[in-house]
Amino acid sequence: MRAQLARVDAVLVQALIAAALSFAHIHDIAMAAGQDGWKAWAYPVSVDLLLVAAWRRLRSGTGKTAAWCWFVIAITASLGANVATAGLLDLADVPAWLRILVAGWPAVAFLGGTLLAHSTPQTAPAAEVIEDQEDDPEPTPETATPPAIEAPPEPPPVPVPAALINHARKVAAEHHTRTGTPIDTPTLRARLGVPAPMAEAIAAHL
């Protein structure tokens with residue numbers, strides 16, 4: 001137990017040292033790029049928050065592509081500041097392109113944090129939910145077969161405007177790109193805000 005605690009403490013100390021150095025380097029870059037006062041301290045905070053948000057999304061198991069993208073952006077900003085302050089950049093004469101990057105970083109960090117925190121997680125397809133429900137019930141004893149009952153006539157098909165079908169295809173394509181799975185009828189109904197019969201008719205056209 002003591003050996004394990006010692007290893008954990010060593011890792012924690014290394015993490016704190018690395019975080020403090022990276023925090024200071026980003027602050028120095030922001031200060032050199034004209035972001036003085038409290039603004040210079042806000043830059044490393046925004047980088048660290050974006051890293052934490054991306055890491056939490058990676059741990060959640062959903063939206064890994066977007067999480068990796070923003071994680072790479074944040075770690076690049078951190079590593080870039082560390083390398084730039086290692087003597088490769090004259091902090092007294094910061095190039096214009098770096099000033100532009102520093103000035104635009106808050107908008108980038110806000111966009112990444114918003115997408116990571118508020119994007120809809122992937123939901124299980126309706127077919128899988130139905131299969132799980134079918135596996136749960138216990139078998140029932142066999143009973144006498146009831147007499148056949150004539151099925152009621154099927155309702156007439158619901159007319160669907162062509163413009164709504166085109167819009168539904170865009171929604172289905174966006175859902176497939178984001179989740180990697182085809183959109184199910186309940187999700188399509190919720191996204192379009194239409195009644196269930198209309199959603200089923202639209203799904204038949206997809």
Side-chain angles (χ1 to χ4, degrees), residues 19 22 26 42-81 100-140 151-206:
S22 179
I26 298 174
Y43 276 83
V45 173
S46 69
V47 173
D48 289 346
L49 289 178
L50 186 58
L51 278 171
V52 171
W55 178 248
R56 286 175 61 88
R57 175 52 64 91
L58 287 173
R59 293 291 300 274
S60 68
T62 58
K64 286 189 175 182
T65 302
W68 273 116
C69 177
W70 289 109
F71 184 83
V72 170
I73 291 175
I75 202 68
T76 300
S78 179
L79 290 176
I100 294 174
L101 288 179
V102 172
W105 172 257
V108 174
F110 174 78
L111 175 63
T114 301
L115 293 177
L116 290 171
H118 299 289
S119 59
T120 304
Q122 181 178 353
T123 57
E128 296 180 2
V129 176
I130 295 175
E131 291 177 359
D132 292 340
Q133 294 176 352
E134 291 177 352
D135 294 339
D136 291 341
E138 297 181 356
T140 57
E154 296 183 357
V158 179
V160 183
L164 184 56
I165 294 176
N166 293 334
H167 177 64
R169 286 178 178 148
K170 295 179 181 179
V171 171
E174 184 273 335
H175 178 86
H176 188 275
T177 301
R178 178 167 52 83
T179 65
T181 58
I183 192 169
D184 54 85
T185 303
T187 303
L188 181 64
R189 177 190 175 191
R191 293 288 302 274
L192 297 179
V194 297
M198 178 72 75
E200 294 176 356
I202 296 173
H205 287 81
L206 301 181

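The backbone N or O of Ile75 lies less than 3.5 Å from no partner atom in the side chain of Ser78, so there is not a single donor-acceptor pair. When atom types are taken as modelled, the side chain of Thr177 and the backbone of Ala173 share a donor-acceptor pair closer than 3.5 angstrom.
Summarising the geometry of Pro182 relative to His176, their closest heavy-atom pair is N-CD2, 3.7 Å, with the distance given to 0.1 Å. Closest approach of Ala103 and Pro106 over heavy atoms only: O-CD, 3.4 Å. Nearest approach of Ala203 to Thr185, heavy atoms of both residues: CB-OG1, 3.8 Å. Ile183 and His175 get closest at one heavy-atom pair: CA-CD2, 3.4 Å. In terms of heavy-atom proximity, Ala54 sits nearest to Trp70 at CB-C, 4.3 Å. The minimum heavy-atom distance between Leu50 and Gly113, with the atom names listed, is CD1-N, 3.7 Å.
Using a 4.0 Å cut-off between a side-chain N of Lys or Arg and a carboxylate O of Asp or Glu, Glu174 and Arg169 do not qualify as a salt bridge.
Pro186 places none of its side-chain heavy atoms less than 4.5 Å from the side chain of Arg189. Between Trp105 and Ile73 the shortest side-chain heavy-atom distance falls below 4.5 Å.
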